A.B. asks: 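Input: one structure, supplied below.
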There are 2 protein chains.
Amino acid sequence: MSRTTGTDPAAGHVLWRTPEEPRRGPRRGLTLDEVARAAVEVADRDGLAGLSMQRVAAEVGLTKMALYRYVANKDELEAVMIDAAVEEPPAPDALAGTWREQAEEFARLVSDVWTRHPWLPWVTVGERVMGPREVGWVEAAVRVFEPLGLTPDERMDAVSMLFGHLRTTLATASAGTRPWTADPAGGSTMRDLVAAHAERYPALTAVMTDPGRPVVSRWDFGLRCLLDGFAAAARRREGSR
Amino acid sequence: MSRTTGTDPAAGHVLWRTPEEPRRGPRRGLTLDEVARAAVEVADRDGLAGLSMQRVAAEVGLTKMALYRYVANKDELEAVMIDAAVEEPPAPDALAGTWREQAEEFARLVSDVWTRHPWLPWVTVGERVMGPREVGWVEAAVRVFEPLGLTPDERMDAVSMLFGHLRTTLATASAGTRPWTADPAGGSTMRDLVAAHAERYPALTAVMTDPGRPVVSRWDFGLRCLLDGFAAAARRREGSR
DNA sequence: GGAGACTGTGTACGGTAGACACAGAAGACG
DNA sequence: CGTCTTCTGTGTCTACCGTACACAGTCTCC
C-alpha cells in the first residue's frame with residue numbers, strides 16, 4: 001500500500017491505478033479485467049461461498065498462486081469483481097422525468113444489475129475500497145435527489161437508505177424467498193414456525209394468514225414508502241426556509 | 001432432522017426442541033445455553049470472523065468436537081447464539097403512546113441490543129431458522145404497526161423495512177464508520193476518493209464538502225423518513241376505504 | 001551477453017468445518 | 001453385583017481455505 005500521489009488515498013489499489021506495462025519480464029497472459037470477469041462468472045455460478053482463489057484460478061487456467069500477481073489478496077479480488085459486475089453507471093442524462101420517476105428508474109437499474117449478479121447485494125456492504133464504477137452509481141443516485149430541497153447530508157442519507165432498501169429486498173429475494181419472510185425471519189420456515197406456535201405469536205399469525213400480494217406489488221410498496229418519506233422531509237425543508 | 005409433531009417444521013432444531021434429559025450415560029457438563037453464551041462472548045470479543053468452533057470450545061473448556069454434541073454444525077451454533085444474544089423481546093404492554101412513538105421506542109430497543117452485539121445485524125439476514133425470541137421481536141414489531149390502517153402484507157413489509165433500515169445503519173456504524181459513507185461506499189476512503197477525483201463526481205463532491213451533522217441527527221432523519229412513508233401509505237389506505 | 005525484472009509454479013504452514021472411531025461414565029436390568 | 005446399553009468427550013483424519021516463500025523460466029535493457 002504505497003501512496004504515489006499523496007492526494008489519492010487508494011492510489012496503490014488496483015482499482016484506481018492506471019495499468020502501466022512493465023518494461024521487462026514475460027508478458028502476463030491475462031488482464032486484470034479478465035481475472036475479474038472470471039471471478040464474476042464463478043460467483044454467478046457457484047455463489048459467494050463457492051468463490052475461492054482456487055476456483056477462479058482454475059477458471060482462467062492458472063494456479064491459484066499466479067492470481068496473486070494480479071491482486072494482492074482475496075479482498076482485492078472481490079473489489080475488482082464488484083466493479084466489474086456493476087457495469088457502467090447511468091450517464092447524467094440517462095434518467096428523465098421528475099425526481100420521483102428518476103428514483104424509480106434508478107432503483108430498477110440497480111435491481112437489474114443486482115439480479116443478474118445475486119451476490120452483489122451481499123458484498124457491497126462494510127468497510128472496503130470502492131471502485132470507480134461503483135462510486136459512479138452513488139454519484140448517479142445523489143444526482144437524482146438534487147432537485148429535492150434536502151441538505152447535502154440528508155441527500156446522502158436518502159441515497160444510503162435507497163441502496164439499503166434495495167439490498168434488503170434483493171438479498172432476500174435472491175435467497176429464493178419472498179422478501180419479508182427473510183427479514184429478519186429468513187426462509188419460509190418462519191411462516192411454518194408461526195403457524196406451529198400461533199398462540200405465542202398472535203400478531204404474526206394474523207399477518208401470515210393473509211393470502212399475500214405478488215412480489216411486484218411488495219416492491220412498489222417499499223419504494224413508494226421510502227420516496228414518500230423523502231418527499232415529506234423535503235417539504236419540511238421547504239417550509240422552514 | 002427428524003420431525004416429531006409433523007406440524008412443526010423445525011421440531012428437530014435445537015432452538016425449538018424442549019430439552020429432555022437422556023436416561024443413561026454420563027451427564028453433559030454444560031447446558032446448550034452456556035454454550036450459546038460462550039459463543040456470544042467470543043463473537044463480542046473477536047468479531048464474527050474470529051468465531052470458530054475451536055475458539056468457542058476453548059471458551060467453555062472443551063475440545064471442538066465435543067461442541068458437536070450440543071449443536072449439529074456451525075450454522076446451528078450461530079442460530080442459538082443469535083437467540084441468546086437478542087434477549088427477551090418487549091412485552092405487549094411495554095410500548096406506549098402513538099404508533100409512531102412506539103415505533104421509535106422499538107427502534108431504540110433494537111438499536112440497544114444490536115449495539116451491545118455489533119455482529120447481530122450481520123447475521124440476522126438470509127435463509128435460516130429463527131429462534132423463539134427472535135420471532136418474538138418480529139411479533140412485537142408487527143404489533144406496533146397494527147394501529148395503522150395497513151393491510152397485513154403491508155404491515156409485514158413495514159416491519160421488514162424497519163429492520164432493514166436498522167441493520168444498514170447499525171451494521172455500518174459498528175464498522176467504525178459514519179453511516180452513509182459505507183453504503184455502498186464503505187469506509188472513509190470514499191470521501192478521499194471523491195476528493196481525489198472531484199471532476200469525475202461533481203454531485204458527490206458537493207455532498208462531501210458539507211460539514212456533516214452529528215450521527216444522532218442522521219439516525220433521526222432516516223427513521224423519520226421511514227415512518228413518514230408508512231404514514232403516507234396508511235393515509236392512502238384510509239382514503240380508499 | 002549478461003543483469004535484472006517480471007511471471008507463473010510448487011511446496012509449505014496454520015487455519016477452518018466436520019466425519020469417524022474410541023475410551024470412559026452412568027443408569028437400566030438381570 | 002455384574003453386564004448391557006447409551007451417552008459424553010477425546011483424538012485422529014480428511015478436504016479445503018488464504019497466503020508466504022523459494023525458484024525456474026522468460027523477456028527487455030544496457
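Quick note on labels: first sequence line is chain A, next is B, and so on, each numbered from 1. Quick caveat, the model's predicted, so the values are computed rather than measured.
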A.B. asks: Taking 5' to 3' order, which nucleotide of DNA chain C is first and which is last to have an atom within less than 4.0 Å of a heavy atom in chain B?
C.D. replies: C/dT16 to C/dA28
A.B. asks: Are the side chains of A/F221 and A/L226 in contact, using a 4.5 Å heavy-atom criterion?
C.D. replies: no
A.B. asks: Checking B/E87 now: which residues fulfil salt bridge (Lys or Arg N to Asp or Glu O under 4.0 Å) with it, not counting sequence neighbours?
C.D. replies: B/R116
A.B. asks: Would you mind reporting whether B/Y70 and B/L62 have side-chain heavy atoms less than 4.5 Å apart?
C.D. replies: yes
A.B. asks: Does B/R28 put a side-chain nitrogen or oxygen below 4.0 Å from OP1 or OP2 of D/dT8?
C.D. replies: yes
A.B. asks: Can you sort out which residues in residues 44-65 of chain B have a heavy atom within less than 4.0 Å of DNA chain C? Ascending by number, please.
C.D. replies: B/S52, B/M53, B/Q54, B/K64, B/M65
A.B. asks: How would you label the contact of A/R69 with the nucleic acid (heavy atoms, under 4.0 Å): base, sugar-phosphate, or nothing?
C.D. replies: base
A.B. asks: Any heavy-atom pair between the side chains of B/W114 and B/W122 that's under 4.5 Å?
C.D. replies: no
A.B. asks: Do A/T124 and A/R167 have side-chain atoms, one donor and one acceptor, less than 3.5 Å apart?
C.D. replies: yes
A.B. asks: Roughly, in whole Å, what's the span from CZ in A/R23 to P in D/dT28?
C.D. replies: 11 Å
A.B. asks: Is there a side-chain polar atom (N or O) of B/Y70 under 4.0 Å from OP1 or OP2 of D/dG9?
C.D. replies: yes
A.B. asks: Reading DNA chain C from 5' onward, which residue's closest nucleotide shows up sooner: B/G25 or A/P26?
C.D. replies: A/P26
A.B. asks: Does A/E139 reach the main-chain N or O of B/L204 with its side chain, forming a donor-acceptor pair under 3.5 Å?
C.D. replies: yes
A.B. asks: Do B/L51 and B/M81 come close enough that some side-chain heavy atom pair is under 4.5 Å?
C.D. replies: yes
A.B. asks: Treating B/H117 as the side-chain partner and B/W119 as the backbone partner, does any N or O pair qualify as donor plus acceptor under 3.5 Å?
C.D. replies: no
